[in-house]
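Notes to accompany the following structure.
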Amino acid sequence: MTADSPVTDEENPAQAVSDAGVRGALARFRVMAYIVGVGLLALCVSFTMKLAFDQPQYSAIIGPIHGFLYIVYLLTIVDLALKARWSVKGTILVMLSGVVPVGSFFAERAVTRRVHRGQKL
């Protein structure tokens with residue numbers, strides 16, 4: 001590579017962060033990470049209500065809503081992963097963070113930090 005040739009996103013992933021598509025995908029991911037995290041905590045509380053206090057109506061309502069929101073969360077992860085060119089392993093690990101209570105909160109911070117630094121997952 002000569003000094004005259006431009007540096008591409010492939011050679012410098014930090015340039016991709018300045019792309020509006022990556023910024024938008026990151027913003028959508030961050031919103032969905034918090035929504036799914038709170039939803040999963042609500043689902044845990046509703047299962048506790050179901051098992052400990054014989055109140056199944058809460059999990060009957062929260063369960064399907066959380067399931068739908070988790071699918072949207074997965075789609076936002078795929079969108080961000082494609083735009084930021086993550087590895088398959090990193091993408092799957094971030095996807096799995098949504099099934100661990102409070103995992104999506106930690107994943108959101110780690111992903112935001114890495115995307116702003118231009119690091120790939």
Side-chain angles (χ1 to χ4, degrees):
M1 184 170 116
T2 65
D4 297 338
S5 64
V7 178
T8 64
D9 285 348
E10 304 258 334
E11 296 164 353
N12 185 3
Q15 283 183 341
V17 180
S18 64
D19 183 27
V22 174
R23 282 194 311 260
L26 180 62
R28 288 186 294 275
F29 165 75
R30 293 183 73 186
V31 167
M32 286 309 302
Y34 280 105
I35 290 172
V36 167
V38 170
L40 186 55
L41 291 174
L43 188 62
C44 290
V45 170
S46 71
F47 275 133
T48 302
M49 296 293 289
K50 177 181 178 179
L51 296 174
F53 303 107
D54 197 28
Q55 299 288 323
Q57 67 270 23
Y58 300 113
S59 60
I61 295 169
I62 295 174
I65 293 171
H66 173 70
F68 172 76
L69 292 173
Y70 184 71
I71 298 296
V72 175
Y73 175 68
L74 294 178
L75 293 174
T76 60
I77 291 171
V78 169
D79 179 41
L80 180 59
L82 291 174
K83 290 179 179 170
R85 287 188 248 76
W86 292 352
S87 68
V88 174
K89 178 183 171 186
T91 303
I92 291 172
L93 288 174
V94 174
M95 287 177 166
L96 289 175
S97 71
V99 299
V100 177
V102 304
S104 65
F105 300 123
F106 291 109
E108 182 272 331
R109 291 305 316 146
V111 166
T112 301
R113 193 175 313 114
R114 286 182 150 230
V115 169
H116 282 298
R117 289 181 185 163
Q119 298 171 336
K120 293 184 180 184
L121 267 107

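For reference, positions follow the sequence shown, starting with 1.
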- Separation between CG (Leu43) and OG1 (Thr48), nearest 0.5 Å, reads 9.5 Å
- Item | Leu26 side chain reached by His116 side chain, heavy atoms, under 4.5 Å | yes
- State whether Arg28 and Asp79 are salt-bridged, where the test is any N-O pair (Lys NZ or Arg NE/NH1/NH2 against Asp/Glu carboxylate O) under 4.0 Å. yes
- Message: Hydrophobic cluster membership, with links at side-chain heavy-atom distances under 4.5 Å among I/L/V/M/F/W/Y: are Leu69 and Leu80 in one?
- Response: yes
- Message: Give me the atom names and distance for the closest heavy-atom approach of Val99 to Leu40.
- Response: C-CD2, 3.7 Å
- Provide the closest heavy-atom pair for Arg109 versus Arg30 in the form atom of the first, atom of the second, distance. NH1-NH2, 3.3 Å
- Would a 4.5 Å heavy-atom cut-off, applied to side chains only, mark Val94 and Trp86 as touching? yes
- Message: Looking at every non-hydrogen atom in both residues, tell me the closest pair between Pro64 and Ser59 and how far apart they are.
- Response: CD-O, 3.9 Å
- Shortest non-hydrogen contact from Thr91 to Ala81? OG1-CB, 3.4 Å
- Note on the structure: Here the pair of heavy atoms bringing Val78 nearest to Met95 is CG2-CE, 3.4 Å
- Message: Same cluster or not: Tyr70 versus Phe68, using hydrophobic residues (I, L, V, M, F, W, Y) connected whenever any side-chain heavy atoms lie under 4.5 Å apart?
- Response: yes
- Task: Please work out whether the ring planes of Phe105 and Tyr34 are parallel, tilted or perpendicular, with thresholds of 30° and 60°.
- Result: tilted
- Query: Could you walk me through whether Glu108 and Ser104 pass the side-chain hydrogen bond (donor to acceptor under 3.5 Å, both in side chains) check?
  - Reply: CA-CA 6 Å; Glu108 182 272 331; Ser104 65; over 6 Å; no
- Check whether any side-chain heavy atom of Tyr73 lies under 4.5 Å from a side-chain heavy atom of Ile35, and answer yes or no. no
- Item | Hphob cluster co-occupancy, Val102 + Val45, side-chain heavy atoms under 4.5 angstrom | no
- Task: Say whether Ile77 and Phe106 are linked into one hydrophobic cluster, either directly or through other cluster members, by side-chain heavy-atom distances under 4.5 angstrom.
- Result: no
- Could you go step by step and tell me if Val72 and Val36 meet the side-chain contact (heavy atoms from CB on, under 4.5 Å) rule? CA-CA 9 Å; Val72 175; Val36 167; over 6 Å; no
- Identify whether Val111 and Val31 are in the same connected component of the hydrophobic contact network (ILVMFWY, side-chain heavy atoms under 4.5 Å). yes
- Between Ile62 and Ser46 the two heavy atoms that sit nearest each other are CD1-CB, 4.0 Å
